[in-house]
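Written below as structure tokens is the structure these notes are about.
Proteins get letters first, then strands, A, B, ... in listed order; numbering begins at 1 in each. When reading the values below, keep in mind they use all heavy atoms of this one structure, side chains included, and skip hydrogens, waters and symmetry mates.
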Amino acid sequence: MLRPVYKSVVKTSILQRRLISSKGSKLYKPSPDSTSTILIKDDPLVAASSSSSSSSSGIINSSDFPLFNKSNKNTTNNLSYQWKNTSNMEFDPFNKSHASAVTSMTRTRDVMQLWSLLEACLQSNLLKRAFSILESLYLIPEHKQRFIEDYNMYLDSFSKNEPNFPIIKMNEKLTNDLETSFKDVNYNDKTLAIMIHHALNFHPTASSMLLSPTISAYLKMSVNGVRDILSNLDILTISDLSILVNDLKIISLSQLPTSVKPILESLAPSSTPVNNIENENGSNKMEAEKDSNIDQKLELGRDSTKTPSLDPLREASLDVSVGVLPKDAEKLVAVDTIGMRVIRHTLLGLSLNSQQREQISKFKFDANENVLNMKPTQNGEDNDPPINFFEIYNSLPTLEEKRAFESALNLFNQDRQKVLENRATEAARERWKHDFEEAKARGDISIEKNLNAKLWKWYNDMLPLIKEEISHCKSLLSEKPVNKRALNKVDTNRLGYGPYLTLIDPGKMCVITILELLKLNSTGGVIEGMRTARAVISVGKAIEMEFRSEQVLKSESQTFRDVNKKSPEFKKLVQNAKSVFRSSQIEQSKILWPQTIRAKIGSVLISMLIHVAKVSVQGIDPITKAKVHGEAPAFSHGYQYHNGSKLGVLKIHKTLIRQLNGERLIASVQPQLLPMLVEPKPWVNWRSGGYHYTQSSLLRTKDSPEQVAYLKAASENGDIDRVYDGLNVLGDTPWTVNRKVFDVVSQVWNNGEGFLDIPSSQDEMVLPPAPPRNSDPSILRTWKLQVKTIANKFSSDRSNRCDTNYKLEIARAFLGEKLYFPHNLDFRGRAYPLSPHFNHLGNDMSRGLLIFWHGKKLGSSGLKWLKIHLSNLFGFDKICLEDRIAFTESHLKDIKDSAENPLTGDRWWTTADKPWQALATCFELNEVLKMDNPEEFVSHQPVHQDGTCNGLQHYAALGGDVEGATQVNLVPNDKPQDVYAHVAKLVQKRLEIAAEKGDENAEILKDKITRKVVKQTVMTNVYGVTYVGATFQIAKQLSPIFDDRKESLDFSKYLTKHVFGAIRELFHSAHLIQDWLGESAKRISKSIRLDVDEKSFKNGNKPDFMSSVIWTTPLGLPIVQPYREESKKQVETNLQTVFISDPFAVNPVNARRQKTGLPPNFIHSLDASHMLLSAAECGKQGLDFASVHDSYWTHASDVDTMNVVLRDQFIKLHEVDLVMRLREEFTQRYKSYVKIGKLKRATDLAQKIINIRKDLSKKLGRNTTLADEIYFEKKRQQLLNSPLPEDRSIGEKMITTVSLFQDVKDLDALELENGGDENSGMSVLLPLRLPEIPPKGDFDVTVLKDSQYFFS
Amino acid sequence: MSIPIPGIKDISKLKFFYGFKYLWNPTVHDKIFDKLDITKTYKNPKKLKVLDLYPGVGVQSAMFYNRYSPQQYSMMERRSSLYKFLQANFKDSPLQILKRDPYDWSTYLHLIDEERLFVPEVQPSDRINDSFLTVANVTGEGSEGLIMQWLSCIGNKNWLYRFGKMKMLLWMPSTTARKLLARPSMRSRSKCSVVREAFTDTKLIAISDRDELKGFDSKCLEEWDPIVFSAADIWPTKGKPIALVEMDPTDFDFDVENWDYVTRHLMILKRTPLNIVMDSLGHGGQLYFNSRITDKELLKKCPIDLTNDEFIYITKLFTEWPFKPDILMDFVDINQTEHSG
DNA sequence: ACTCTATGTACTGATATAAGTAATAGATAATAC
DNA sequence: ATATTATCTACCGACAATATCAGTACATAGTCG
């Protein structure tokens, strides 16, 4: 049928806006009469609000965060959602909710861009340029309060750059800057710290007496006390402090920050400060003099990177036995670097067998050399890591020994983790070089055949290009800012990205670029390549990430550079201090590179790589039919169309693809994001936690400043400490790779054939022959579709295999290791591991590969749960526990066979729902069953307890719905309820009734309803699946029954109605709550905040709605639904323009998504709270705990304990009426919001409003608009909140169209619901009112205490 | 006995036009017929079979019949309101009304091969088929794709073009006409202009807005001298202007698949000189073509400046390229769906 | 020295792209008259 | 105040269209008083 016009006339509603593409490089010129400034001055509202925010010393604007002004009366209730009014927030670009004026947001963007530019310039020592950026920043009024921090950054750089600048001159400069250039700015304690540091370092050898008065003067100038000055550890190094305390004796130990106090203490009595200062390059002589076995040189950051890792001396010293100390000092240094001997010493002191003993003696405990087992093996069968810590750990007989072992391992892993996060690119480069040289020895052909050797070639070709580009950028940047006109386009672009490109070591950038591109192979639906947009941004991000961790590392080694040696105890002290330091460093780095810059950087690097990367190729000359050899670029930039839209793609040459398919890809996993070897840094605030050197945010925000602002406020307020507690428990669970399962997977994998989820590896695709060209178009089309389907299958198989490859390689690298998953949260509060690819949230295979590091004896109940677990994995999870045990017991033979001959036997385990996990369980059960006393068996297998339709469980509890609660096992029962089966039964009944009435559809369908047909729909119903969506799901289930697709769809439509009806009937109260949530979300997202900018009214009566739905979880986590209209724009890069969203754009909300999203999101925020509460409690009780949203894992022996915790926490969560609480919060938060509604014309009130409008209209000389009314109401509110009594009294007398509603009792009587038939209604501003909560049922959640099938 | 022509009064009562527009003014139609003078091609109109796709209100159809009395005149119209209108006006006329969907390829198979309700004569391709004419109105804004597919059918010699070189009188939005008729170096020059140049000889016959003419090539306009009428002559009046073109298939001889790939990719960067743009054809394209294209002047040109002959030349080089990419795999798969319970 | 204007450029928003409506088609929110 | 028409289409983790042109705002240089 012909397509109706309207379907394609307008393709998208995206508000396309282009980036101000080179704004990053554009500086504010001090021209005071820019239009925007005038606009702001003339706008009384903006002026008022900005003055109020500055006068109240930055206390959060009440209209931004209505809850802040509320006094905290309910503190007795520990689930209170109210936030304390203690936050003291200064200006921060994130700290503006969306609804504040648009103008401020555009300036926010400018601030952000200037910041990142400033940072970049300072890093590159472009001080003059930096200064002019400072001048621009200074002109932004909201930024004044924070300005000194930027100036400090500058001053610090200046000080480092000009170490020989006398302190007096320095002082002059400071005075001059602050008195002439930046008049309104005052120094702070950090400024003083910089001056002190400069003073100490300018006169390193000067007599203390000379320095003392100067420094004392600075200390006296302190704003918040000497302590505050001294807490600037990023400025003052340990040796600075040491001088101040020990030499000059100006300050006392007690004034130091607690984290470094112990270090200074231990330095104080014996140490000779002179040594500390002289010792910058590490003195070997000193080392040689030490004769203790245990004393170690503590090597840090910069120094360690200098150490060549292929040192022949070191090789030679490997076999030096413990306890024998080489007299040769040089050798000692080589051996000594990372404290390996301590570790080895400790380990060898444990009870080990001779083989282990030998392993340990041979193993190099050098983090740089033995980060992870990433070496490629020629023979796929050889999975053995050089040392299997897990096996050693397990074999240790006593708890004490295990502890000692773990503690030594931890010491070693600390170093390895650091290397992992910081040195991975260098490691990759070294591997390439090594392979290249090996291949070279074998001849030119080997170089072509060996991937790494090829990469090394690319690397070497690319490096000079980058260096050249960097020097271009540098010379361009160091020139005086010439007028732009004289520049060509290339240089104009350089000006934009140049400052960033010069920040990172060129070699590192090469490696990153190459690795990223290889990683992105066959992503984004591209057959042999990737999307350009994705590629440039990924590379840009990776570069930025590298820069960030380098920064942290650099400042860390700067501060601690002088602390070079001491005992292991001292090392621990330093480690602690450093970790505190890192937290604060990461926290401070608020600056992120703008997305546009990332894209530009990425594109520059990628285009260089395209230019140099070549592969040798074979082709057939179409004319002579002869084989032709040649060379072609490995990457090629082009475009593809999709529905008439262009899509930039980066194609990878077939030759390279083939090579990649057979390659082990571990190297290209972003090494910063692998699982961790040590416990993640605990979450203490919203941007410090997880990895040690890599910054991650607590919340995965979707580029929404609003989300960040609320999160930050809550975090600073200490409202979400319990969230941290739970999250830290998840992160602290140690795991290891299940060796037995890994061996099976590995075998299957190397075989290359498809197995379970793993697709087979294919090199070529087989396509059907093309029909003749002049066939009917319909035939041609069918063929094209076939080709497409096959190609898509091929490419998805390939990317699937690629993904599996990653998982396996990571698993291989962590064989025998102790590993941890750092977690963070999505915006609803659900927890996810930070490390991609391989984690316990992954597919069945990933889960099967993971077991707990710690083992626990099965004890009395463990075996039972292990058996139940197996039954669950086979899909028998809705029968009573006894039957599940019986299931497992009836398959003991199968279990034995599966465990002993997983691939050669009957492969019973592959018939499970979750085969790999089943296999893992079979392995354990088989071992258990061999034992005489199973209770003694030490189990590592996580046992899952899953909620039965967790969403519905929460709904039932919320609604007090007895019937629903029974269905989802909140009510004790001797048999678990199967919701899906029950719904199927209900549908069946409905159909039978309909059939009797003569309904043909019902007649045909009535015997075909199974649990499976309705399962997905019941599940997704919680997420608000629509009628159409559910129809598709059911059609999928029904399709085997009906031949005709159309027919199947028709029946599905019919059936869906009944399924929906049945669900609605069964979970009636859940649906009432869903509806209530939906309606509330709709009203909120259609409401107007009073102090909204009038300009958001397009035509005076139609505003852009800006309010998103916000609530606080029982744990205090504020949740902001980020659904807004998208605004994307094109950004020019080297390769093409890319289309990316502008994170600073202020967009109206997407009311539809706000509405459909709230019910599932609210429920998820509750189940997340439940999980975190349970996690924290389990942690407290000493359980190992993991979760996949609504599936909770622990050791078999602890399941009973965990179940009790789960129920207790659920009860605790629901003891409060959460819906009521939510409504109260909404009412508070959206108190002064208004909506546009209809008022009955025939009322007094309406008449009054008409009169006001008439008056106003006269005054304005035009028709009034709703925008005008909002303006006056806003003014009234401002007057009412004014500190001046006279203002307040004026406000009280003011009457506006909105104020009239204050006294109205019964709004319902006046408001016209949308059923208004005649033109009796008129559009007015009404106060926002939320719908009434549906009545709560009689279900008492405490009965849950005894419900054993709640989670099972 | 001539068929009565529906007037604007009746036509304007119709509510739904599905975004299509129809010229209702008989005077303009007469001018157009005069100008077309189809008897040049169809020496014997009594032998002529006309297939009218999306006839709409049938004004043109009735006038055509009145003027030439062809052997068969079939109107294919499925949209209910328009079908009803045709039924009401032409039920008892010699005009055949078929309630079929011209969009669906299978419609033609049924009509021609199975039911044999409309069977054109196959003619050799050394001349325009003189017993088969197709008239179509595809003025809907969203239906441009249909025109483009018909065009590619000329290249494939399938669909109605299996009966030989069939002339088509085609109403379309004027923007579409502008794109199709654009010559090299013109702003609107795009892949479909090249397609038109490759497979057809097309003339602009009439257009509903004089302002639109400035988007066309002035030399061509001189030659075509199109009839310009007013927006008031079409119904519904609102909306964008429309144009009528006359499209005759021509001879061609080149590798269509490769040519399609080459033009598609080159026209993406239509303002980038050939010596640079060739890289977007595949790995190492720039190097290969720079060595193969001997005419340095050609290398300086941009794709937008190329004639079809030049595209054919490049295509030839492309097919001779030993390392040429697989042109079949030229698409992306945006929608990967997984997930199930 | 300063202002004004001519000139060119950077920026924004609009439009075209390919060519069976992605495998599908009915409710519903938004917009226009 | 109704009727047409565009926009969805189950949540989250997650990952994105681009080239070119016309018109305009803006900056710069040069000229002139």
Side-chain angles (χ1 to χ4, degrees), chain A residues 1-10 12-13 16-23 483-485 492 523-524 531-534 537-538 595 639 641-648 700 702 777-778 781 784-785 788-789 826-828 830 832 836 841 951 1016-1017 1019-1033 1035 1045 1049 1053 1102 1126 1128-1130 1136-1141 1151-1153 1156-1157 1159-1161 1163-1164 1189 1316-1319 1321, chain B residues 103-105 142 144-152 175 179 187-188 190-192 264 267-272 304 333-335 337 339:
Chain A
M1 185 56 186
L2 187 96
R3 176 207 216 169
V5 229
Y6 54 78
K7 271 207 166 176
S8 73
V9 171
V10 176
T12 159
S13 75
Q16 285 195 14
R17 260 190 272 151
R18 209 183 269 245
L19 267 195
I20 313 120
S21 60
S22 65
K23 248 231 164 110
N483 53 46
K484 272 199 188 160
R485 247 180 161 174
T492 321
T523 56
R531 299 187 184 182
T532 319
R534 175 106 190 262
I537 291 169
S538 293
Q595 192 83 321
Y639 300 87
Y641 278 108
H642 185 256
N643 289 343
S645 301
K646 298 175 185 104
L647 198 69
R700 304 183 180 206
K702 306 194 138 180
S778 55
R781 176 172 180 240
K784 267 191 194 164
L785 277 178
K788 239 181 192 176
T789 319
D826 72 11
F827 75 89
R828 291 111 20 109
R830 280 190 161 193
Y832 300 82
L841 259 73
Q1016 200 189 3
T1017 306
M1019 252 166 47
T1020 56
N1021 184 63
V1022 183
Y1023 304 136
V1025 76
T1026 60
Y1027 174 71
V1028 182
T1031 306
F1032 279 112
Q1033 292 167 1
R1045 209 183 54 215
L1049 207 65
K1053 267 189 263 176
K1102 278 265 165 64
E1126 252 185 319
K1128 295 182 158 180
K1129 43 225 152 54
Q1130 292 178 270
Q1136 60 172 69
T1137 73
V1138 290
F1139 199 50
I1140 48 185
S1141 63
R1152 190 194 189 108
R1153 298 241 283 148
T1156 56
N1161 288 340
I1163 293 301
H1164 284 159
H1189 305 320
D1317 36 5
E1318 345 87 86
N1319 52 355
Chain B
Y103 185 84
D104 192 343
W105 302 119
E144 199 188 48
L146 191 52
I147 298 174
M148 301 308 169
Q149 286 165 50
W150 288 350
L151 263 172
S152 78
T175 51
K179 284 187 300 198
R187 193 170 70 80
S188 309
S190 68
K191 178 167 182 264
C192 64
R264 175 152 21 101
M267 288 306 269
I268 292 173
L269 295 167
K270 54 182 175 182
R271 287 290 187 202
T272 310
I304 201 172
D333 173 27
I334 294 286
N335 11 275
T337 45
H339 233 66

Can B:Trp105 be called stacked on C:dG20 when the rule is centres closer than 5.5 Å and an angle between planes below 30°?
yes
Which whole-number value in Å describes the distance from A:Lys788 NZ to C:dA18 P?
14 Å
Take atom CZ of A:Arg1152 and atom P of C:dA30, then tell me their distance rounded to the nearest Å.
8 Å
DNA chain C: 5'-proximal contact among A:Lys784 and A:Lys646 (nearest heavy atom)
A:Lys646
Complementary nucleotide for D:dC12 - Watson-Crick or wobble, under 3.5 Å:
none
Can you tell me the Watson-Crick or wobble partner of D:dT31, both distances under 3.5 angstrom?
none
Just to be sure I understand the rule, does B:Ile147 reach a base, reach only the sugar-phosphate, or reach nothing, if contact means heavy atoms closer than 4.0 Å?
nothing
Using the side-chain heavy atoms of B:Leu269, tell me which of these nucleotides is nearest: C:dA19, D:dA19, D:dC21.
D:dA19
Look at the side chain of B:Glu144 and the base of C:dA19, then say whether one donor and one acceptor between them are separated by less than 3.5 Å.
yes
Applying the Watson-Crick and G-U wobble criteria at under 3.5 Å, what pairs with D:dA17? Answer none if nothing qualifies.
C:dT17
In the strands shown, is C:dA10 matched to any nucleotide by a Watson-Crick or G-U wobble pair with both distances under 3.5 Å, and which?
D:dT24
Are any side-chain N or O atoms of A:Asn643 and backbone N or O atoms of A:Ser645, one a donor and one an acceptor, separated by less than 3.5 Å?
no
What about A:Tyr1023 and A:His1164, are their ring centers closer than 6.0 Å?
yes
No-H, no-angle donor-acceptor pair, A:Gln1033 side chain to D:dA10 base, under 3.5 Å:
yes
NA contact type, A:Arg830, heavy-atom cut-off 4.0 Å: base, sugar-phosphate, or nothing?
nothing
A:Ser1141 side chain near D:dA16 phosphate (N/O to OP1/OP2, under 4.0 Å)
no
Once you apply a heavy-atom cut-off of 4.0 Å, does A:Tyr639 come out as touching a base, just sugar-phosphate, or nothing?
sugar-phosphate
What is the nucleic acid contact for A:Gly1029, judged by heavy atoms within less than 4.0 Å: base, sugar-phosphate only, or nothing?
sugar-phosphate
Which residue lies more 5' along DNA chain C, comparing A:Lys1053 with A:Ala1151 via nearest heavy atoms
A:Lys1053
Among D:dA17, C:dT17, C:dT24, the one nearest A:Phe1032 by side-chain distance
C:dT24
Of all the choices, C:dA16, C:dG20, D:dC15, which nucleotide is nearest to the side chain of B:Lys179 once you look at every atom?
C:dA16
Where the side chain of A:Tyr1023 is defined as all heavy atoms beyond and including C-beta, which of D:dG13, D:dA10, C:dA25 is the nearest nucleotide?
D:dA10
A:Arg781 vs C:dA19: side-chain N/O to OP1/OP2 distance below 4.0 Å
no
Select base, sugar-phosphate, or nothing to describe what B:Gln149 touches, counting heavy atoms under 4.0 Å on all strands.
base
So, does A:Arg828 get its side chain near the phosphate of D:dG13, meaning an N or O under 4.0 Å from OP1 or OP2?
no
So, OP1 or OP2 of D:dA19: does either fall under 4.0 Å of a side-chain N or O from A:Thr1137?
yes
Check for me: is B:Tyr103 stacked on C:dG20 by the 5.5 Å centroid and 30° plane-angle rule?
yes
Check every strand shown and say whether A:Val1138 touches a base, only sugar-phosphate, or nothing at a heavy-atom separation below 4.0 Å.
sugar-phosphate
Under 3.5 Å, is there a donor-acceptor pair linking the side chains of A:Glu1126 and A:Ser1141?
no
Looking at the base of D:dG13, is there any donor atom on it, or on the side chain of A:Arg700, that sits under 3.5 Å from an acceptor on the other one?
no
D:dA1 -> Watson-Crick or G-U wobble partner, both distances under 3.5 Å, gives none
Side-chain-base donor-acceptor pair under 3.5 Å for A:Gln1130 and D:dA19
yes
